[in-house]
Every structure is written in structure tokens, then in C-alpha cells.
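Quick notes on the structure that follows.
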Protein chains: 2
Amino acid sequence: MIDTRRNILEKNYEAMHRHGFQGVRPDKVISELGITKGAFYHYFPGKLELGYAVVDEIIGPRYTGLWQQLEHYQGHPVEGIVWCLEYIRSGMNEQSCALGCPLNNLINEMAPLDEGFRIRLQGIMETMHSAIARALQRAADKGLLNRTLDAKNYAYFVLAAMEGCFSVGKSMQRRTAFDAALDELIGTLRGLKQG
Amino acid sequence: MIDTRRNILEKNYEAMHRHGFQGVRPDKVISELGITKGAFYHYFPGKLELGYAVVDEIIGPRYTGLWQQLEHYQGHPVEGIVWCLEYIRSGMNEQSCALGCPLNNLINEMAPLDEGFRIRLQGIMETMHSAIARALQRAADKGLLNRTLDAKNYAYFVLAAMEGCFSVGKSMQRRTAFDAALDELIGTLRGLKQG
DNA sequence: TCTTGCACATACCAATTAGTATGTTCATCT
DNA sequence: AGATGAACATACTAATTGGTATGTGCAAGA
């Protein structure tokens, strides 16, 4: 293999997405990869550190990379947020809807169980939160909103609603429910715009 | 014990809340209860059926019981929804915030993994969704809303935002984040009211 | 009184899991 | 050429997990 470590990481990421971290069986994953335990324990001290690496190297960059683009978005900051949401939607199909948001899944599973996970996941959420809050604040500062709001508090709400869309889609096993909830969130956001 | 079965159910519910279903070790839970495997397997065929029973007999009734009260709420239906949300908030402390919503947790963990769980959890969500959608529709029919909306779609959004509040609170390990997100949701809901 | 069966306890077990200890191969540097 | 170490493979293991098989006490009915 060209990059065994990366393959291990990505396959285990997929397994984590489906089964949760506790449900991952590194043995099975690596045997599906056609390699053995030797390779796995060569690159990772153990299962826990593998989980951390998946968060640090796959999940974290994916989310922070997206939301940090808000900083450079030209146009109404609210539309920037909507753009991010639509980007997320565009990357989804029926299956990924049924599996839910990898970040949301991991938060709900691991945040209360392991400090290492919790700190990492909290860091990702804080980065996303800051990006959204700053966008809202910019909009407010430029008088682009039709009411006053607390940017930080509202950013928590946006994050919550977005993650919740995944939970709804997952519980219903239907994209239509995810889409409906997301459409209403977007409508609510656009309702903040001046004019 | 007065009701061993109920004790088993409730202790395992607590364990599921903390560790997730896959993380529950029925052995440990029952030994903490001071009973043995004999008692457990006398009342339940196995771990899976225990999980189903927890959903059917504890989680389900708790949620559906709350939201179905919307039907009899006197006053603006939107305030009925707000009342339910405030009721949920009132039942939370720092610890339950860190552990998250039992329903949300279970959906995110088990919906893609097991049909038995999925059907049960979906049923609970559909009951809640219907209750919210009907409340919104009543408000619309009575001309109590300041804009038109699709009650069913908006109900998905309300559910999503609510569940998302738990995810946010859980990831941040702080009630303030949960409260902030929930306050904004409530503000958004009240913004629908006429006048 | 005898029996039946519920409500558990005790003892055992096979499979799984995560991990370790120990090779082996091969490229690279000296 | 010989030494070295990265990159794996193989074989083993201790602990855990979920479950079964069997035993026991005791209350209620025949």
C-alpha cells in the first residue's frame, strides 16, 4: 500500500461512522484492509489513540475547514452560513443521512466517556461556533440584520439546529425529514436579513 | 426487592444513558443492584430485548407523555411548545446536560445498527413530530401565526433544534451553551406569533 | 400434604477483544 | 558486505462478554 497508516485511519473512520467508536473492532477493519495487527500496532499505540487520530486528522479538518471559509465569504454573512449548510447538504445521500453526522455521533457517544475525545470534539465545536458567531457579528455590525441578537448565543442555536437535522434525518431514515428541517433552518436564518 | 424487573430496567437505563447501549455491561449493572445473572435472564431473554424494554417502558413513555400534553394545552399553541421545552429544561442539571438526551443518544448510536431499535425510536420521534405539527397547524388555522408555514416541516425543525441543543450542551459540557441555544429556539418560536 | 412453578442464585463456558511478543522482509546507510 | 531499522506478519494470551445449564427456596393451589 502507498500509505498504510492513512488507509487504516480512513477505514476505521468509516467503521466509526457506522458503529460508533465503541463498536469499532480494529481487528476486523484491518483484516478487511488485507493487513494484520502488526501493521496496526506499528502505527498506533492502541484503539484509543486511533480514535483520537481519526478526530484530529479526518473529522476535525473536514468541519473546521468548511466553516472557516465563512471568514472570506463575500456577500451577506447570513448567506455565507446558508452556503455552508447547503454544502453539507450537497455532500449527503440516503446512506450518509441514515448514518448521521460523524461529529454529532461522536459527541453523543464519547464526550461523557473520555476526556481525550471530549477535548478534541469540544475544540472542533468551538471553532465552528466562533466562525458562525463572527459571521453574525459582522452582519450585525454592518446593519445587515433586521433585529438585534447575541451573536454567540445565536451561533449556538445555529449549530444545534444543524446537528439536530442529522438526528432527525437519522431517526426517520429519510432525507426528506433532514431536508425539511434544514430548509426551515435556512428560512429562519434568511428571516434575519434586513429588508 | 419489590420489583426486581423494574429495578433492572431503571439501572440499565441509567447505564445506557451514560455508556450507550453497546457500552452497557448487564453483568456489572446487575451486580451493582446486588442481584445475579439468574434474575436478569429470568426477566429478559438477552441484552437486546433489555434495550428494547428500556425504550418501550422508560424512554418512550417519558417523551410521548410530555408532548402529547400539547393537545390539551390552553392558550397559544406556540406557548404550549415553549412550555414543553421549558419543562425539559427544568428537568436538567449540569450532569444530565453532560450526558445528553437519552433519546438523541440512542438514535445516534443505534438507529443504523438495529432495526428493532430503529423502529421504536422512529415511533417515538413520529409521535413527538405529530404533536408539534398538530399544535402548529391549530395555531395556523386560528390565524395565530404571522406567516404561513408548513406545519410538518416546521415541526421537524423544532425537533431538530431541540435535540441539537442537547448535542451542543454535551459537546461544550456546559449548561450555558444548552441554555443559550434553547433560548434562541424559544425566541424563534415566539417570533412566529401574531402581533 | 404434595406438587407445581415462579423467582432467583451458582457455576460453568465459548467467543470475542484488545493487546503483546516475537519473528521476517527489505531498503538504506556505512 | 554488513548493520540497522522501518514496515509489516504470525502466533499467542489474559480479560471480558454474553449466555447457558442447573440448582434452590418458597409461596400457592390441588
Side-chain angles (χ1 to χ4, degrees), chain A residues 1-58 105-106 109-110 112-118 120, chain B residues 1-58 105-106 109-110 112-118 120:
Chain A
M1 293 292 172
I2 295 170
D3 192 339
T4 302
R5 199 188 109 95
R6 186 70 195 179
N7 281 330
I8 293 171
L9 224 45
E10 286 179 358
K11 273 280 179 187
N12 276 282
Y13 162 73
E14 290 169 25
M16 281 171 65
H17 193 189
R18 173 171 297 276
H19 302 285
F21 176 71
Q22 296 180 96
V24 165
R25 300 297 114 110
D27 279 38
K28 301 219 166 147
V29 173
I30 61 178
S31 85
E32 281 166 20
L33 263 174
I35 59 175
T36 59
K37 310 190 82 153
F40 177 78
Y41 285 99
H42 175 67
Y43 289 107
F44 301 95
K47 186 185 174 184
L48 194 60
E49 290 81 3
L50 165 71
Y52 295 165
V54 166
V55 176
D56 291 335
E57 301 177 40
I58 297 186
N105 292 354
L106 220 42
E109 181 189 4
M110 296 305 297
L113 293 182
D114 182 89
E115 270 293 290
F117 270 105
R118 220 213 67 220
R120 287 170 170 81
Chain B
M1 293 292 170
I2 295 170
D3 193 340
T4 303
R5 200 189 109 95
R6 186 71 194 179
N7 281 330
I8 294 172
L9 223 45
E10 286 178 359
K11 273 283 179 184
N12 276 283
Y13 162 73
E14 289 169 25
M16 279 171 66
H17 193 190
R18 175 172 296 277
H19 302 286
F21 176 73
Q22 295 180 96
V24 166
R25 299 297 113 109
D27 280 36
K28 302 218 165 145
V29 173
I30 61 177
S31 87
E32 282 166 20
L33 263 174
I35 59 175
T36 59
K37 310 189 83 153
F40 178 78
Y41 285 100
H42 175 66
Y43 289 107
F44 302 95
K47 186 187 176 184
L48 194 60
E49 291 80 5
L50 165 71
Y52 294 167
V54 167
V55 176
D56 290 336
E57 301 176 38
I58 297 186
N105 292 354
L106 220 41
E109 181 190 5
M110 296 306 295
L113 293 182
D114 181 88
E115 270 293 289
F117 269 105
R118 219 213 68 221
R120 287 170 169 82

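Chain A is the first sequence line, chain B the second, and so forth, proteins listed ahead of strands; every chain is numbered from 1.
A straight line from NZ of Lys47(B) to C1' of dT20(D) spans 18 Å, rounded to a whole angstrom. Spacing between atom CG of Leu50(B) and atom C1' of dT17(D) amounts to 15 Å, rounded to whole angstrom units. Nucleotide dC8(D) holds its P atom 12 Å from the CZ atom of Arg5(A), rounded to whole Å.
Nearer to the 5' terminus of DNA chain C, by closest-nucleotide assignment, is the contact made by Gly34(B) (compared with the other of Leu48(A) and Gly34(B)).
For DNA chain D, the neighbouring residues in residues 19-30 of chain B, judged by any heavy atom under 4.0 Å, are Val24(B), Arg25(B), Pro26(B), Asp27(B), Lys28(B). Remark: Lys37(A), Tyr41(A), Gly46(A) in residues 36-46 of chain A come within less than 4.0 Å of DNA chain C through at least one heavy atom.
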Residues 29-46 of chain A side chain polar contacts: donor-acceptor under 3.5 Å, at least two apart:
from, atom 1, to, atom 2, distance (Å)
Ser31(A), OG, Lys28(A), O, 3.1
Lys37(A), NZ, Asp27(A), OD1, 3.4
Lys37(A), NZ, Asp27(A), OD2, 3.2

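Between the side chain of Asn12(A) and the backbone N or O of Ile8(A), at least one donor-acceptor pair lies under 3.5 Å.
Considering only heavy atoms from C-beta on, Arg5(A) comes within 4.5 Å of Glu57(A) through its side chain. When side chains are defined from C-beta on, Leu9(A) does not count as touching Tyr13(A), because their heavy atoms never get closer than 4.5 Å.
Across all non-hydrogen atoms, the minimal contact from Leu113(A) to Arg18(B) is CD2-O, 3.3 Å. Minimum heavy-atom separation, Gln22(B) to Gly23(A): OE1-CA, 3.6 Å.
Glu115(B) contributes atom CD, which lies 10.5 Å from atom CZ of Arg120(B) (distance to the nearest 0.5 angstrom).
For the OP1/OP2 pair of dC8(D) and a distance below 4.0 Å, the side-chain nitrogens and oxygens of Thr4(A) include at least one atom meeting the criterion.
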| Asn105(A) and Phe21(A): side-chain contact (heavy atoms from CB on, under 4.5 Å), yes or no, with the steps? | CA-CA 9 Å; Asn105(A) 292 354; Phe21(A) 176 71; over 6 Å; no

